[in-house]
Amino acid sequence: MRGLTGGSRIGSGRWAGRPKRWPATLLVGLLAGLLVASGEGVGQAGRVGAGSVPAAEAPPGTVSRTANFLTDAAGRVVLPRGVTVPAGTVPTAEELRRWLDYGFTAARLELPMTSGGGFPPTGAQPPAGDLEQGGLEQAGALVADLTDHGLTVVLSIVPGARGYQPSTSDLTAGLRRAAERFRVTGGLIGFEVPPTPAAGDLAAALRAVDPHRTLWVGQQAPFDPAAQVAANGGAGYITAWADGTPARAAQLAAAGDAFSLGWFYDAPDADGRLATGIGPGEVRAVATPPAEIVRPYPAAVAGVPTSYGSDGAGVFRLVYRPVRAGGGTLPPGTPTAVIVPGWNYSVGYQARVTGGQVTSEPGAGVLCVVAAAGVAEVRVEIVPAQGTAPVAPPRAGAVNCTTGPTGPTGPTGGDGAAGAAGGTGAAGSPGAGTPAAAPEAAGADTDPPLLLVVLPLLGAALAAAVLGPVLVRLRRR
């Protein structure tokens, strides 16, 4: 994998000061209208289906869905960002290090499936193994490596041969087989399947094997007919990146900011089509993300994000309400984790927080913020400042912001600011005293029609017409 491409060292976003927030409001309103019009979506696979045996606790690091957000075990809203790892590809240690430098916190791993729901070994020289399970064992080894680096993982079932269209019975068999293999594996965001009208049946099949995993279903993005998302209810993440050019990638990354969506970068093939099929012995290289999509962002929010993004001067702003997504409260001291890539702040940064306190070391690659007691809103601002570039921690993302038996790790105090970049890590250690999550609150006992499977043509045209000019203007600011 090569280094970042493109000339900009500051990720573009939709923030240009409070007076210019109307585009974000318009976009969010448009998406919300589409969500309401198309139904609540596939039920989250976190409820025990009829006749199934209740399972133990979800494995550590499991990401699920609460209302319209991805959430972790602490109840924080999770916004994963990373790349798609093509089938048969094993990232090198250097690639993994670069992903951490870019601030990535997740990976989307392809699982090629063949007729009957089998997962044969893949790669240019696939190892010998069970032709039905060998691919799952390969994936299991890679998942272990990725999660050891702190990355969370989506397992995306894709066609195992060019031109193959998986049937519902194949997807059901394959999903059951994959769910059984990864039933006790930690750090998973869930399973993704190609677009299908049988999402409800597949969700039920997944619940019967593993009630803690979420089913994500591919579909056209409501804000760009050339892009694709994977969705469950009103939650989702971007998976396909239109033409793959830096400018279009920057637009989709800005859409992710506007809609509070995570994303996994995967450039289309040479003829502009999304490369989801794989033939015997074929291996696609991991796509190189353009510089324009690397930017600061909240990896885990201890509350509900209201808005976030960077302006043309490299100033990042995050506003969130410190309440649990879907209703309820979060345990005191639950930290918000903001990724601060050195790519964007090569001369250092300073953080200012209103309504909370910084608990990470000055200059940390992951900024940790804890809300003050009783506040209704927390505001975080990160500005370039003289110092040294933040250094990415050895493990990705929110694991660097933890709570202990007596509260958050790191310095204490009231509203304040972190000094200019100069530290080399974030306070805390993974896993200590993480509060338990609240139950899923999105009505997951039923499986209504899949979100946006049948996107109204008028809605698609309106979304494209509105988003395109807006993002072009934002890009130029």
Side-chain angles (χ1 to χ4, degrees), residues 9-21 24 76-77 79 103 257 260 294-323 330 332-393 397-398 400-401 407-428 477:
R9 293 187 61 85
I10 297 179
S12 62
R14 59 179 176 75
W15 266 94
R18 292 183 58 83
K20 299 178 181 178
R21 289 177 60 184
R76 296 178 294 187
V77 169
L79 295 159
D257 290 349
S260 292
V294 177
R295 57 188 69 191
Y297 69 98
V301 181
V304 176
T306 301
S307 60
Y308 65 89
S310 300
D311 64 18
V315 177
F316 170 84
R317 297 179 178 91
L318 163 67
V319 181
Y320 69 93
R321 295 181 292 112
V323 296
L330 292 161
T334 303
T336 289
V338 181
I339 305 300
V340 189
W343 181 267
N344 303 93
Y345 295 95
S346 60
V347 298
Y349 75 87
Q350 186 175 49
R352 304 187 183 99
V353 177
T354 303
Q357 62 189 37
V358 174
T359 61
S360 51
E361 296 295 330
V366 180
L367 178 73
C368 306
V369 175
V370 171
V375 300
E377 183 180 79
V378 179
R379 293 179 171 271
V380 180
E381 184 177 79
I382 300 175
V383 299
Q386 289 300 317
T388 58
V391 176
N400 298 281
C401 299
T409 58
T412 59
D415 292 4
T424 59
R477 288 174 179 168

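Keep in mind the model is a prediction, meaning the values are calculated, not measured.
The two residues Ala302 and Thr336 make their nearest non-hydrogen contact at N-OG1, 2.9 Å. Minimum heavy-atom separation, Val378 to Val375: CG2-CG2, 4.0 Å. In terms of heavy-atom proximity, Val366 sits nearest to Cys401 at CG1-SG, 3.7 Å.
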request  = Go through Val323 and Val304 one step at a time and tell me if the side-chain contact (heavy atoms from CB on, under 4.5 Å) criterion holds.
outcome  = CA-CA 6 Å; Val323 296; Val304 176; 4.2 Å; yes
Test log, rule side-chain contact (heavy atoms from CB on, under 4.5 Å), inputs Val369 and Tyr320 = CA-CA 11 Å; Val369 175; Tyr320 69 93; 3.9 Å; yes
message = Checking Arg317 against Asp311 for the side-chain contact (heavy atoms from CB on, under 4.5 Å) test, could you report, in this order, the C-alpha distance in whole Å, the side-chain angles of both residues, the deciding distance, and whether it holds?
response = CA-CA 9 Å; Arg317 297 179 178 91; Asp311 64 18; 3.3 Å; yes
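Side-chain contact between Tyr308 and Val338 is absent, with no heavy-atom pair separated by less than 4.5 Å. You'll find the side chain of Pro341 stays beyond 4.5 Å of the side chain of Pro390, heavy atoms only. Looking only at side-chain heavy atoms (C-beta outward), Val370 and Cys368 stay at 4.5 Å or farther from each other. Contact annotation: the side chain of Arg321 approaches that of Thr306 to within less than 4.5 Å [non-hydrogen atoms, C-beta and beyond]. In this structure, Leu367 and Val358 have side chains that are in contact, with non-hydrogen atoms separated by less than 4.5 Å. Val315 has its side chain out of reach of Ser310: every pair of non-hydrogen atoms, C-beta onward, lies at least 4.5 Å apart.
The closest donor-acceptor contact from the side chain of Tyr345 to the backbone of Thr388 lies at 3.5 Å or more, if one exists at all. Side-chain N or O atoms of Arg76 include one that pairs as donor or acceptor with a backbone N or O of Pro335 at under 3.5 Å. Remark: side-chain polar atoms of Thr354 are not paired, donor with acceptor, to backbone N or O of Arg379 under 3.5 angstrom. Proximity of a side-chain donor or acceptor of Asp257 to a complementary backbone N or O of Ser260 within less than 3.5 Å is not detected. Remark: the backbone N or O of Pro393 is not paired with any side-chain donor or acceptor of Asn400 at under 3.5 angstrom.
Atom OH of residue Tyr349 and atom CZ of residue Phe316 lie 11.5 Å apart, to the nearest 0.5 angstrom.
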